[in-house]
Each structure stands twice: as structure tokens, then as C-alpha cells.
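One-based numbering along the sequence shown. Quick caveat, the model's predicted, so the values are computed rather than measured.
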Amino acid sequence: HVMTARTMNSLGHAHHTQALAMPWLLSWAPLTLLQKSLEAHQMAREVLQRAVGSDNHVDIATYLMNIGVVQQDMGWFYKASWTRQSERADEYFRYARDSFTEAEKYSKDMNLEKQHNYGILQYNIARCHHALRDLDKAIEHARKALDVLKDLFDSHSDIADTLYLFGFLHRDNKDNIRAMDYFRQSLEEYKRLGDRRVEHEWKKLKHAILDLCQTRQERENYLRQFEEIDGEPALYNGPISRRITGIDGGWTVWLLWFLFPTLDELAYRLWRH
């Protein structure tokens, strides 16, 4: 039944959310929950296929996207946790890419390209290509995501986060000027959002902007803007490695790198389905 499939999909969400809330450093428990989430989302698709007799249902593309999101997070677990299994991580990133590609095909077949979920799908495809170190394709799909979202909404947290993603991609490509430009655009979007902002994503943007500030005056200017949006004083201590360097120097930074070789990616693993 269609409702049974949606219940399984909700169960997958629950396992996924629980996994993301756990520390990934020294435990296999998050991976176990991610595996349960993946199984629930896969079961949702299978139940729906049996219920309608084919893949000709609008929920199919969503379930495939959810499968890809979990597969991608499993990749980040292997890459960013204590296991540091890069080859295994890339394997799951490729699984995610295949799931997203299939979701994209069904979305196009059912003329869903102007729907909100299609914008989120393009966003996730962009992040998957970034994980696989294909920056050009990541930017291409981020642009598609932004186009869909701007056609649908005058202002939305997904637009702000996609603009942040553009900045993140350019920063990763060592182009801090373009990165800061996109971070500023994201900041302007947050000003329009008011209390509709997503707090986790808003915190990421604030840290990203302050990391790229060149002068104390520039930094203080952004802090004032943050205070206006937050309605309270902004507190910022800089990246973990920068703060601890002042305590016991390079050995601590080296230890942080050993434990968290991809801090940016780890911080960015909280996506929506």
C-alpha cells in the first residue's frame, strides 16, 4: 500500500536523524543506524512498486533521492570518522550518485522538474559530485538547484543554503573572492528569512564568512549584521584548530587533522531528505 511505503520512508528518516545526532568518532553505532535507514528507504520503494505495479508514481523519485542521501552519509562516515576508509567512502559516494541519477531520470519522466524536491535533488547531486572531487559537475548541479528554487520562492532557507554551497565549492577551489561573494548573497537571503532560518545552516554561514574576513573592521561589520539577524550578540571563537593552536601549538593541530581530516565535509553532513 502507498501509505505503508510512506511509513517505511518515515522510519528511514527517523533512523537517519538519530544517526546524525550521534558522535561519529569512535563508534560503529551511527553506521548501524544509517544501514537501518537505508534498508527502510529501499523497502519503501519496493512496497510502492508492488502497490502500483511499476515505478510510475511521484514518490519513487523522492524515495530514490532519500536512498542516495543515506548512501552519501555512509560514505562520509567511512571518510570522516575514525575508520578513514577512503576507498570504501568513494564506493558509497558512487552508489549515491547512481541513486540520484535514477531519481533525476524518474523526475524528468514524470515532469517534476519544476517541483521543490527536484531542486533539493539537484542540490544533493551537487554535493555528491563534490564528494567525488568533480567540482565542475558540482557547480553545474548547484546552479540547477538554485534556478529551480528561485523560480518557486521569493525567499527560502533552501536558497540560502544553496548559495552557501556555491561559496563552499569556490572556497574549496581556493577562490576566496568568489566564495565570499556567494556567502554574502546567502547572508542577504538570511536577512529576508527572519525567524524562518535553519539554525544549523545559519551557524555554518557565519563561521564561513568570518573565516574569510581580511581585516578586523570587516569582521566587526559582519558581527553587527549577525547580531541584527540573531537579535542577540554574536559569539565566535574561530575554527577548533585555530583556537587550540594558541594552547599547545602544532601538535594539537596535527592530532585534529589525524582525527578529522575533512572537518568541512564532516560539518556539512547534515542534509535534508
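Distance CD1/I67 to CD/Q72: 14.0 Å, rounded to 0.5 Å. Expressed to the nearest 0.5 Å, how far CG of L121 lies from CZ of F100 amounts to 7.0 Å. Atom CG of residue L210 and atom CG of residue L205 lie 9.0 Å apart, to the nearest 0.5 angstrom. Rounded to the nearest 0.5 Å, atoms CG (D109) and CD (E104) are 10.5 Å apart. Taking CG from L112 and CD1 from I60, the interatomic distance works out to 11.5 Å, rounded to the nearest 0.5 Å. Atom CD1 of I139 and atom CG of L169 lie 5.5 Å apart (nearest 0.5 Å).
Minimum interatomic distance between M65 and A103 (heavy atoms only, all atoms of both residues): N-CB, 3.9 Å. Annotation for F93 and C128: closest pair O-SG, 3.3 Å, computed over non-hydrogen atoms. In this structure, H130 and A138 approach most closely via the heavy-atom pair N-CB, 3.8 Å. Between P30 and F77, the closest heavy-atom pair is CB-CE1, 4.1 Å. Of all the heavy atoms in L187 and F226, the pair that sits closest is CD1-CE2, 3.9 Å. In terms of heavy-atom proximity, M180 sits nearest to I209 at CE-O, 3.5 Å.
Linking Ile, Leu, Val, Met, Phe, Trp and Tyr whenever their side-chain heavy atoms come within less than 4.5 Å puts V47 and L11 in one cluster. Taken together through direct or relayed side-chain contacts under 4.5 Å among Ile, Leu, Val, Met, Phe, Trp and Tyr, L38 and M43 form parts of separate hydrophobic clusters. When hydrophobic clusters are built by joining Ile, Leu, Val, Met, Phe, Trp and Tyr residues whose side-chain heavy atoms come closer than 4.5 Å, directly or via intermediates, F168 is grouped together with Y222. Grouping the Ile, Leu, Val, Met, Phe, Trp and Tyr side chains by contacts below 4.5 angstrom, directly or via other members, places L132 with Y78. Connection of V58 to Y63 is established within a shared hydrophobic cluster, with ILVMFWY side chains joined at heavy-atom distances below 4.5 Å, either directly or through further cluster members.
Panel note: side chain S37, backbone L33; no donor-acceptor pair is recorded below 3.5 Å. A donor-acceptor contact shorter than 3.5 Å is absent between the side chain of W76 and the backbone of A131. The main-chain N or O of Q214 is found under 3.5 Å from a side-chain atom of E218 such that the two form a donor-acceptor pair. Between the E87 side chain and the Q85 main chain, no donor and acceptor come within less than 3.5 Å of each other. Remark: side-chain polar atoms of D181 are not paired, donor with acceptor, to backbone N or O of I177 under 3.5 angstrom.
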Practice item. Run the numbers on Q225 and K191 for side chain to side chain contact (heavy atoms under 4.5 Å, CB included), then give the verdict. Key: CA-CA 9 Å; Q225 293 183 60; K191 290 178 181 179; 2.7 Å; yes

Exercise for review: Could you walk me through whether R94 and D98 pass salt bridge (Lys or Arg N to Asp or Glu O under 4.0 Å), step by step?
Suggested key: CA-CA 6 Å; R94 287 190 292 270; D98 293 344; over 6 Å; no

Point to revise | CA sep, side-chain torsions, deciding dist, call: H15, L34, side chain to side chain contact (heavy atoms under 4.5 Å, CB included) | key: CA-CA 7 Å; H15 287 313; L34 289 172; over 6 Å; no

Exercise for review: Determine, stepwise, if the pair Y123 / D161 fulfils side chain to side chain contact (heavy atoms under 4.5 Å, CB included).
Suggested key: CA-CA 9 Å; Y123 171 90; D161 198 35; 2.6 Å; yes

Review point. After noting the C-alpha distance and the side-chain angles of R45 and L64, does the key distance pass the side chain to side chain contact (heavy atoms under 4.5 Å, CB included) rule?
Key: CA-CA 8 Å; R45 182 193 180 184; L64 283 166; 3.4 Å; yes

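Screening residues 4-21 for salt bridge (Lys or Arg N to Asp or Glu O under 4.0 Å) gives R6-D59 as the qualifying pairs, with residues at least two apart or on separate chains.
Under the 4.0 Å criterion applied to side-chain N and carboxylate O atoms, D230 and R197 are assigned as salt-bridge partners. By the 4.0 Å N-to-carboxylate-O rule, K206 lies too far from E201 to be salt-bridged with it. For R171 and D175, the salt-bridge test fails: no basic side-chain N is under 4.0 Å from an acidic carboxylate O. Between E188 and R184 there is no salt bridge, since none of the side-chain N atoms of the basic residue sits less than 4.0 Å from a carboxylate O of the acidic one. A salt bridge is defined here as a Lys NZ or Arg NE, NH1 or NH2 lying under 4.0 Å from an Asp or Glu carboxylate O, and E39 with K36 fails to meet this definition.
Using a 3.5 Å distance cut-off with no hydrogens or angles, the side chains of D73 and Y92 do not pair a donor with an acceptor. Side-chain polar atoms of Q71 and S99 form a donor-acceptor pair below 3.5 angstrom. Under 3.5 Å, the side chains of D136 and H129 contain no donor-acceptor pair of N or O atoms. Residues E189 and S155 bring a donor and an acceptor atom of their side chains to less than 3.5 Å of each other. With 3.5 Å as the limit, one finds a donor-acceptor pair spanning the side chains of Q122 and Y118.
Counting heavy atoms from C-beta on, the side chains of L146 and I159 come closer than 4.5 Å. At a threshold of 4.5 Å between non-hydrogen side-chain atoms, the residues H41 and V69 do not count as touching. Taking the side chain as every heavy atom from C-beta outward, H156 and L149 never approach each other to under 4.5 Å. Side-chain contact between M8 and L48: absent, with no pair of heavy atoms (C-beta onward) separated by less than 4.5 Å.
The environment of CG in N221 is crowded: more than 12 heavy-atom neighbours from other residues, nucleotides or ligands sit within 6.0 Å. Within a 6.0 Å radius of CD in Q217, no more than 12 heavy atoms belonging to other residues, nucleotides or ligands are found. The number of heavy-atom neighbours closer than 6.0 Å to NE2 of H116, taken from other residues, nucleotides and ligands shown, is above 12. Around atom NZ of K203, no more than 12 heavy atoms belonging to other residues, nucleotides or ligands sit under 6.0 Å away.
Residue V70 forms a side-chain contact (heavy atoms from CB on, under 4.5 Å) with just one option from Q42, Q35, H16, and that option is H16. Just one residue in the list Y190, Y182, F183, W202 forms a ring pair (Phe, Tyr, Trp, His ring centres under 6.0 Å) with Y164, and that residue is F183.
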